[in-house]
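Notes follow the structure.
For this chain, numbers begin at 1 and follow the sequence in order. Nothing here was measured: the structure is a model prediction, and the numbers come from that model.
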Amino acid sequence: MVKHVFVTGGVASSLGKGLTASSLGRLLKSRGLRVTMQKLDPYINVDPGTMNPFEHGEVFVTDDGGETDLDLGHYERFVDVALSRKSNATTGSIYQAVLAKERRGAYLGNTVQVIPHITNEIKDRISALATDDVDVVITEVGGTVGDIEILPFLEAIRQFKKDVGADNVFYIHVTLVPFIGPSAEQKTKPTQHSVTELRSRGIQPDAIVCRSDRAIPYRLKEKISALCDVPVAGIVTAADAESLYEIPLVLHEEGFDDYVCKVLHLEQHEPDLTEWNALVRKVRAANAEVRIGLVGKYVQLPDAYLSVVEAVKHGGIDCGSKIIIDWIAADEAEGLLAEGRLSGLDGIVVPGGFGVRGIEGKITAITYAREHGVPFLGLCLGMQCAVVEYARNVCGYGGANSTEFDTRTPHPVIDLMDEQRDVVDMGGTMRLGSWPARLAEDSIVRALYGDEVVYERHRHRYEVNNNYRAKLEEMGLVLSGTSPDSRLVEFIELPSEVHPFFVATQAHPEFKSRPDRAHPLFAGFAAAAKFRAEGRRPHIPLDIPASAE
């Protein structure tokens, strides 16, 4: 029987439910268990695909094209499994499904209600992940206990215990234990109130993960245990860690995974944390600072580029560097050079995005990287901006642009494909999910990947205009990766004898990077940036990290 773990949160948002769930998933997987994960989001949007990143952070894309919550990125990075669109369900998608069934007559004319129809749909989404090749499903419920939007989800997971049996369900509640400076005390009252609220909804937690900036003494654990009816073994300290990748080890030291396995009657195999311990040692040992400029339009909210930042850090871990992110707003193109914002950088990343704001700033940053030999990595829109920059400043196409930003540009080097023009639903023109690319022989990307054909996740609408490919190549830009039928440009680069590292891709490779297995592009980029920080020039592919080959 598949076991189910539900993770809820209280007191305040952003306490780390996703990281707690991800860390537990890693610990259970290290015991030989097959784990998958899921996020239930209370917002009414069908998915985060149309949401402003300032509202919700990045949109994480799965192999099957699902536009999902950013917590799925944590899940994949920690548990190292490729999730699907089934791993994210929102209030909007659930109501949409229920209403579609009602229109088809699936409810035989009955009055459609939150209970049982909405709660049944939620339970169906949970059950859909409990397949024969899974031992444990970990489901995180977004929001905090007490939010009005969360009530149907709490009722659904309450019922789920009755449906599948008490021995197959484990409830985790993540709460805050704040430290009050003037009195020099840690306070348990917020946790008590949060658990009381959860119990009022019919859910008794099996474990309470206490977030704090310091360890919680045993006497306070006993107090929380007595007042919340949870065994002391189930009161877990999750103190702030120096690196988020230390969290699984912190929870393991608390005996968290042992306790979960005991309650769920899972076989007690000692976890093999050899590789994870080695990762944490590498993170701690990385002390050579490398400064990377991330040039984007949403830099005021770092979560908008969460996977990009983590992937760059993975590259740093791979080559023994401590990555320092310099957040650079792309809104003021002139100011980037006038204020010297781009000087002193060891590498520049231009990530994806939509909309015209900040485009000229991104192009300015790319020009600087190209002309000053600064290692550059462009992602999705970053590649499109690199093509526009090259067309303008090297090919002599004045006014070159993407038709996404200028429909009257004399040189639409980035444009919609012909078959996309008549599609009314803009979502229908998106290229989403995993797509193949064939890499050119003797190219930098071929050396980094070590394969001729690779698969990367996409989320974009516009493509390189094939009418300009010949001129771009004639002027020295290498179109180093295309779709297997050669219709779509997937990778561009400058030869290593021209630039130390100038690579861009139409894809979002950051989604597939792992802390203990850096994505090849980010490993190569970080290595090149490290060489620049040391005052040396890399010789691609000879100096790429061995793990990226």
Hey, can you tell me if [X] and [Y] have their rings parallel, tilted or perpendicular (30° and 60° cut-offs)?
X      : Y      : result
Tyr298 : Tyr305 : tilted
Tyr449 : Phe491 : perpendicular
Phe78  : His74  : perpendicular

Measure from the side-chain N and O atoms of [X] to the backbone N and O of [Y], and report whether any donor-acceptor pair falls under 3.5 Å.
X      : Y      : value
Ser194 : Pro190 : no
Asp64  : Ser84  : no
His508 : Glu510 : no
Asp272 : Ser30  : no
Asn88  : Lys39  : yes
Gln384 : Tyr462 : yes
Thr191 : Thr175 : no
Thr119 : Pro116 : yes

Going by atom types only, do [X] and [Y] share a side-chain donor-acceptor pair under 3.5 Å?
X      : Y      : answer
His519 : Glu456 : yes
Thr91  : Glu149 : no
Asp147 : Thr144 : yes

Any salt bridge between [X] and [Y], counting N to O under 4.0 Å?
X      : Y      : answer
Glu452 : Arg438 : yes
Arg514 : Glu275 : no
Arg199 : Asp229 : yes
Glu254 : Lys221 : yes

Step by step, work out the side-chain contact (heavy atoms from CB on, under 4.5 Å) result for Thr8 and Ile157. CA-CA 10 Å; Thr8 58; Ile157 67 173; 4.0 Å; yes
Does the side chain of [X] reach to within under 4.5 Å of the side chain of [Y], using non-hydrogen atoms?
X      : Y      : result
Leu244 : Ile247 : yes
His173 : Val145 : yes
Leu264 : Asn168 : no
Val81  : Lys29  : yes
Met37  : Asp71  : no
Met51  : Tyr43  : yes
Pro42  : Leu151 : no
His458 : Leu488 : no

Atom of [X], atom of [Y] and distance for their closest heavy-atom approach:
X      : Y      : answer
Asn45  : Thr90  : O-OG1, 2.7 Å
Glu490 : Pro436 : OE2-O, 3.9 Å
Arg125 : Ser93  : NH2-O, 3.2 Å
Cys210 : Ile216 : CB-CD1, 3.1 Å
Gly352 : Cys380 : CA-CB, 4.1 Å
Arg211 : Ala238 : NH1-O, 2.6 Å

Before you tell me yes or no, could you show the steps for Asp63 and Arg457 under salt bridge (Lys or Arg N to Asp or Glu O under 4.0 Å), namely the whole-Å CA-CA distance, both residues' side-chain angles and the distance that decides it to 0.1 Å? CA-CA 6 Å; Asp63 278 340; Arg457 300 177 193 179; 2.8 Å; yes
[atom2] on [Y] to [atom1] on [X], rounded to 0.5 Å:
X      : Y      : atom1 : atom2 : value
Leu273 : Leu27  : CG    : CG    : 6.0 Å
Leu24  : Asp257 : CG    : CG    : 7.0 Å
Ile317 : Ser243 : CD1   : OG    : 6.5 Å
Ser307 : Lys512 : OG    : NZ    : 13.5 Å
Leu99  : His117 : CG    : NE2   : 11.5 Å

**Request:** Might you work through the side-chain contact (heavy atoms from CB on, under 4.5 Å) test for Thr237 and Ser212, ending with a clear yes or no?
**Result:** CA-CA 7 Å; Thr237 295; Ser212 179; 5.6 Å; no
**OP:** Evaluate salt bridge (Lys or Arg N to Asp or Glu O under 4.0 Å) for Arg158 paired with Glu155, printing each intermediate quantity in order.
**Re:** CA-CA 5 Å; Arg158 183 197 69 79; Glu155 174 60 19; 2.8 Å; yes
Starting from the C-alpha separation in whole Å, work towards a yes-or-no answer on side-chain contact (heavy atoms from CB on, under 4.5 Å) for Ile126 and Gln38. CA-CA 8 Å; Ile126 299 168; Gln38 180 181 50; 3.6 Å; yes
Which of Arg284, Glu310, Lys282 passes side chain to side chain donor-acceptor pair (under 3.5 Å) with Tyr245? It is Glu310
With sequence neighbours left out, the residues meeting salt bridge (charged side-chain N to carboxylate O under 4.0 Å, His left out) with Lys123 are Asp163
Applying side chain to side chain donor-acceptor pair (under 3.5 Å) to Arg26 and not counting sequence neighbours gives none
Exercise for review: Go through the steps to decide whether Val114 and Tyr95 satisfy the test side-chain contact (heavy atoms from CB on, under 4.5 Å), and finish with yes or no.
Suggested key: CA-CA 9 Å; Val114 172; Tyr95 272 82; 3.7 Å; yes
Requested in this report: Test Asp80 against Arg517 for salt bridge (Lys or Arg N to Asp or Glu O under 4.0 Å), laying out the working first.
Outcome: CA-CA 10 Å; Asp80 197 13; Arg517 192 174 67 257; 3.1 Å; yes
